[in-house]
Participant: 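Here's a structure for you.
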Amino acid sequence: MKNVNLDQLASVPEKKRREILKSMLAMSVAGVGTILQGCGGGAESFSDASGTGSQGGTISPNGTTSPSGTTSPPLAVKAISSFSIPILPDTQFYPRYASEKMGELYQKLYKTINPLYSNPFKTQTQWIAAHSADLKIPFTIHLGDVVDQSWYYTAEGSSPWTSSTNLVANGQLNSDQVNKEWELASQAMQVLEVAKCPYSICAGNHDVGAIGHDMQWGPDWGVGVTGFNNDDGYQDGGSHRSGIFQPYLQVFPTERAKQQATFGGRHASGFHEYHVFSAEGNKFLVLSLSWRASDDALAWANQVIASNSTIPVILVNHQLMGIGSDGSTAADTAYSNYLWDKLIKNNDQIFMAVSGHYHGSCTKIKQNAFGNDVVLMVVDYQMAYMGGNGLLRLYDFDLTNNKITASSFSPWVPVKPSSTLNQFDVAWLTDSNQSFSLDFQFAKRFSSFNKNFNIPVGTSTQALTDIAKSLILTNYNQAPQKAVVLPTGSDDYPKVANTLAHWRFFNSAAAEGDAFPYQAGQQIKDASTAGVNPISLHTELGKPGDLIWSKDHHPLSASPGSLRFLNSTGTRASYFTTDPNSSLNTEPFSNGYTVEAFIKIDPGFDASVNGWMGILYRLGPRSELTGFASDDGDCCLMFALSNLMEIQWEIVPVDQNTNLTCWSGSISAGQWLHIAVVNNPSDSYSTTLYVEGAPVLRNNSGMNGVRSVKPAAQMAVGCGQWAGDMSTGFLGSLGEIRIVGTPLTSDKWLTARAS
């Protein structure tokens with residue numbers, strides 16, 4: 001096993017890879033170094049796991065990708081001149097869910113973790129600082145959305161940055177005495193400052209504005225918007241942002257940016273900056289534009305480039321290119337077209353542009369006005385497991401071999417307690433949109449403005465990507481995988497006490513595509529022991545053909561089929577409700593609960609049409625509850641899909657006059673998912689939402705029971721409700737829904753077997 005190739009290790013199937021890694025542990029070096037030795041210093045030993053997926057292909061200048069799974073010849077056949085740039089994409093959920101106001105979720109989930117790595121953001125910067133010399137890192141780039149809820153700056157009493165601020169000296173860097181969103185973000189970036197590792201930063205849409213103001217986050221000029229005029233007041237200095245208190249400028253002011261050795265200057269607004277760094281005998285300029293740069297800011301950017309006319313430019317912008325619904329296909333947006341015309345197209349020095357904002361990863365290559373390639377890339381992992389799970393992007397600029405290699409990995413996964421790891425803890429991504437190489441002729445590409453661009457004699461004997469892979473993959477102690485046991489029949493699942501209802505949406509006598517009997521009152525029976533809570537069809541908002549039987553089902557569901565809900569929109573729905581006299585309508589769930597569902601979202605999901613579609617609701621406007629603090633039209637229990645395809649579990653507890661929510665990250669359409677919601681009274685009424693067995697990050701506590709408006713306000717399946725009116729039917733397939741009046745462990749879920 002001593003000669004196992006890490007590229008091969010990263011590409012083998014997950015189960016086999018874990019077996020290989022376990023067999024390598026005998027020669028591993030235990031422990032993780034805890035001393036930060038300065039930029040590039042230290043011998044911190046990290047290890048990691050590869051993810052599943054195809055081996056990254058090679059993207060040529062015209063954007064084509066080689067067949068996945070091909071293995072490139074090793075680059076280290078001669079000494080290599082190279083450097084690498086880490087990218088920190090949309091860190092917003094890390095400081096939010098490590099903050100005190102959100103219950104310090106990372107610290108709570110990983111209680112035994114080394115305090116140096118108590119949240120993914122700080123772990124990312126610790127890793128960069130510790131391995132800057134190993135990976136020849138001259139500069140780090142942040143893509144914006146540093147925090148998630150900028151307005152909490154004043155509510156939390158956060159302090160502005162000053163030149164005397166020293167979170168290391170006062171102990172806050174290691175002990176996490178500061179648990180405020182902005183200060184946690186400041187703390188993470190100060191790791192790089194202390195280590196003398198320069199970086200750029202920019203404000204994303206979540207970093208600007210104030211709550212209660214129409215500036216809050218502002219319009220999202222995304223995919224499908226045909227035009228863009230930058231004169232609506234949302235850009236920096238515009239009327240919508242004029243006079244608004246901006247926490248970003250308090251925490252990352254110009255005088256802080258000036259502390260970076262690479263700092264070149266900032267726009268007068270304070271939101272945009274540029275840096276010039278040196279690598280391998282050449283200079284590079286990073287032009288970092290915050291969200292919605294004004295025309296004045298773009299004029300400044302053009303002047304910056306003109307004043308540095310021989311330097312290649314990497315453009316950074318929070319929101320630029322978009323991503324298609326598959327999470328990997330690049331798409332132009334109104335704003336990307338605007339910036340292309342106003343800044344990129346006519347500046348030949350801009351050879352690469354990196355942005356975040358849109359969930360996923362993609363690459364697109366366009367030709368500028370000079371006929372030269374510009375590489376446009378989007379990187380954003382905020383909707384991945386655990387708010388991004390510490391994933392970052394590393395670009396390896398190999399000047400000798402004329403390649404730019406992209407790698408995406410997480411330095412946080414290997415420092416998490418091994419007992420917490422599961423199949424979602426993927427730390428080296430190998431899909432072709434996450435791990436790939438670009439053929440890039442540096443000297444030729446830069447010749448029009450810098451004929452003296454130098455390719456020096458190499459000093460490295462190994463590709464920096466391979467060094468990073470070794471740092472991540474070696475010595476990783478992978479947790480064993482749980483055995484997956486498929487059901488042997490339709491009755492092969494655990495029967496549990498206090499099952500209040502169990503609806504199984506299948507008909508063994510129906511052929512694939514047969515219509516559900518479309519008559520009002522047609523029932524799906526309750527398969528629980530008591531069997532007292534069937535649900536009945538409502539047809540007033542739907543039409544025949546909206547419901548059809550299918551043999552399709554989740555492989556771990558013993559129910560051998562499903563019911564497809566078709567044609568649903570905001571106003572069209574075929575749905576089911578409990579009986580008006582059902583005790584389930586007013587069940588307080590005083591002993592906790594477990595709600596399970598097998599769902600499959602239709603690939604035709606359209607956020608503008610199907611966003612906020614209902615899976616399971618307890619009907620009745622919660623505004624009618626005595627003492628409830630809001631007059632909105634939402635319900636006391638909502639199990640739904642947001643417009644971002646996030647699972648939403650939201651309830652009004654029996655002892656509170658407010659609503660509390662658990663959220664998943666963005667899920668995928670077209671695949672079966674098992675969703676479980678478990679409420680545990682013995683643990684402060686904490687509620688944990690699981691997707692395919694993995695606990696999500698955005699859970700909640702204090703969710704004591706569920707209130708109801710009135711006995712006749714039924715439970716509804718397959719539709720939502722707003723202000724008393726049914727709306728937004730479910731689009732997709734339902735296999736089973738089970739409601740149990742106690743918290744269940746996973747060995748009692750519907751994904752387990754009867755014995």
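Basis for what follows: all heavy atoms, side chains included, without hydrogens, waters or symmetry-related copies.
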Participant: Indicate whether any N or O donor in one side chain lies under 3.5 Å from an N or O acceptor in the other, for Asn179 and Gln107.
Facilitator: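 Side chains of Asn179 and Gln107: pair found under 3.5 Å.
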Participant: Taking the six-membered ring of Tyr152, is NZ or CZ of Lys101 closer than 6.0 Å to its centre and within 45° of its axis?
Facilitator: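 Checked: cation-pi criterion met.
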Participant: May I have the step-by-step check of side chain to side chain contact (heavy atoms under 4.5 Å, CB included) for Ile667 and Leu673, ending in yes or no?
Facilitator: CA-CA 9 Å; Ile667 65 172; Leu673 297 172; 3.6 Å; yes
Participant: Is the closest side-chain heavy-atom distance between Lys403 and Leu438 below 4.5 Å?
Facilitator: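 Not touching, per the 4.5 Å side-chain cut-off.
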Participant: Are Val286 and Ile141 packed together at the side-chain level, in the sense that at least one heavy-atom pair is separated by less than 4.5 angstrom?
Facilitator: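 A side-chain contact under 4.5 Å exists here.
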Participant: Residues in side chain to side chain donor-acceptor pair (under 3.5 Å) with Thr465, at least two apart?
Facilitator: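 Per chain and number, Thr465 pairs via side chain to side chain donor-acceptor pair (under 3.5 Å) with Asp396.
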Participant: Can Ser437 and Thr405 be counted as having a side-chain donor-acceptor contact under 3.5 angstrom?
Facilitator: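 Yes, because at least one side-chain N or O of Ser437 sits under 3.5 Å from a partner of the opposite role on Thr405.
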Participant: Looking at Lys416 and Asp425, is there a salt bridge between them, counting it only when a charged N and a carboxylate O are closer than 4.0 Å?
Facilitator: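 Yes, charged N to carboxylate O under 4.0 Å.
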Participant: Hey, would you say the Trp663 and Phe93 ring centroids sit under 6.0 Å apart?
Facilitator: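 Not under 6.0 Å, so no.
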Participant: Could you go through Asp236 and Arg292, starting from their C-alpha distance and side-chain angles, then the distance that decides it, and tell me whether this counts as salt bridge (Lys or Arg N to Asp or Glu O under 4.0 Å)?
Facilitator: CA-CA 7 Å; Asp236 65 274; Arg292 292 299 300 275; over 6 Å; no
Participant: For the side chain to side chain donor-acceptor pair (under 3.5 Å) test, which of His357, His206, Gln92 pairs with Gln382?
Facilitator: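 So, applying the side chain to side chain donor-acceptor pair (under 3.5 Å) to Gln382 and each of His357, His206, Gln92, only Gln92 qualifies.
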Participant: Which label fits Tyr106 and Tyr94: parallel for a plane angle under 30°, tilted from 30 to 60°, or perpendicular past 60°?
Facilitator: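 Tyr106 vs Tyr94 ring planes: perpendicular.
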Participant: Could you check whether any side-chain heavy atom of Glu273 comes within less than 4.5 Å of a side-chain heavy atom of Ile201, counting everything from C-beta outward?
Facilitator: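 Yes, their side chains come closer than 4.5 Å.
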Participant: Tyr97: what forms a side chain to side chain donor-acceptor pair (under 3.5 Å) with it, not counting sequence neighbours?
Facilitator: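 Counting only residues at least two positions away or on another chain, Tyr97 forms no side chain to side chain donor-acceptor pair (under 3.5 Å).
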Participant: With sequence neighbours excluded, tell me which residues meet side chain to side chain donor-acceptor pair (under 3.5 Å) with Tyr199.
Facilitator: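 Here the qualifying residues are Glu193.
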Participant: Given side chains that start at C-beta, do those of Pro138 and Ile85 come closer than 4.5 Å, heavy atoms only?
Facilitator: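 Yes - at least one pair of side-chain heavy atoms lies under 4.5 Å apart.
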Participant: Would Arg96 and Asp148 satisfy salt bridge (Lys or Arg N to Asp or Glu O under 4.0 Å), going step by step from the backbone distance to the final call?
Facilitator: CA-CA 6 Å; Arg96 177 177 177 181; Asp148 193 56; 2.4 Å; yes
Participant: Say whether Tyr153 and Glu183, considering side chains only, have a donor N or O and an acceptor N or O under 3.5 Å apart.
Facilitator: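 The criterion, which ignores hydrogens and geometry beyond distance, is not satisfied for Glu183 and Tyr153.
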Participant: Any chance the side chains of Arg698 and Thr661 put a donor and an acceptor closer than 3.5 Å?
Facilitator: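 Side-chain D/A pair, Arg698 to Thr661: absent.
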Participant: Quick check: are there more than 12 heavy atoms from other residues, nucleotides or ligands sitting under 6.0 Å from CD of Glu100?
Facilitator: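 Check fails, neighbour count at 12 or below.
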Participant: Tell me yes or no: between the side chains of Gln124 and His142, is some donor less than 3.5 Å from an acceptor?
Facilitator: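 Distance-only check fails for Gln124 and His142.
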Participant: Tell me if the aromatic rings of Phe397 and Phe440 count as close, with their centers under 6.0 Å from one another.
Facilitator: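 Between Phe440 and Phe397, which both carry aromatic rings, the centre distance is not below 6.0 Å.
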Participant: Compare every heavy atom of Ser642 with every heavy atom of Phe605, then report the nearest pair and how far apart it is.
Facilitator: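 In terms of heavy atoms, the two residues are closest at CZ-O, 3.6 Å.
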Participant: Could you go through the ring-ring contact (aromatic ring centres under 6.0 Å, His included) check for Tyr248 and Trp291 one step at a time?
Facilitator: CA-CA 12 Å; Tyr248 175 83; Trp291 184 77; over 10 Å; no
Participant: Verify whether the ring centers belonging to Trp340 and Tyr335 lie closer than 6.0 Å.
Facilitator: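 Here the rings of Tyr335 and Trp340 have centres that are no less than 6.0 Å from each other.
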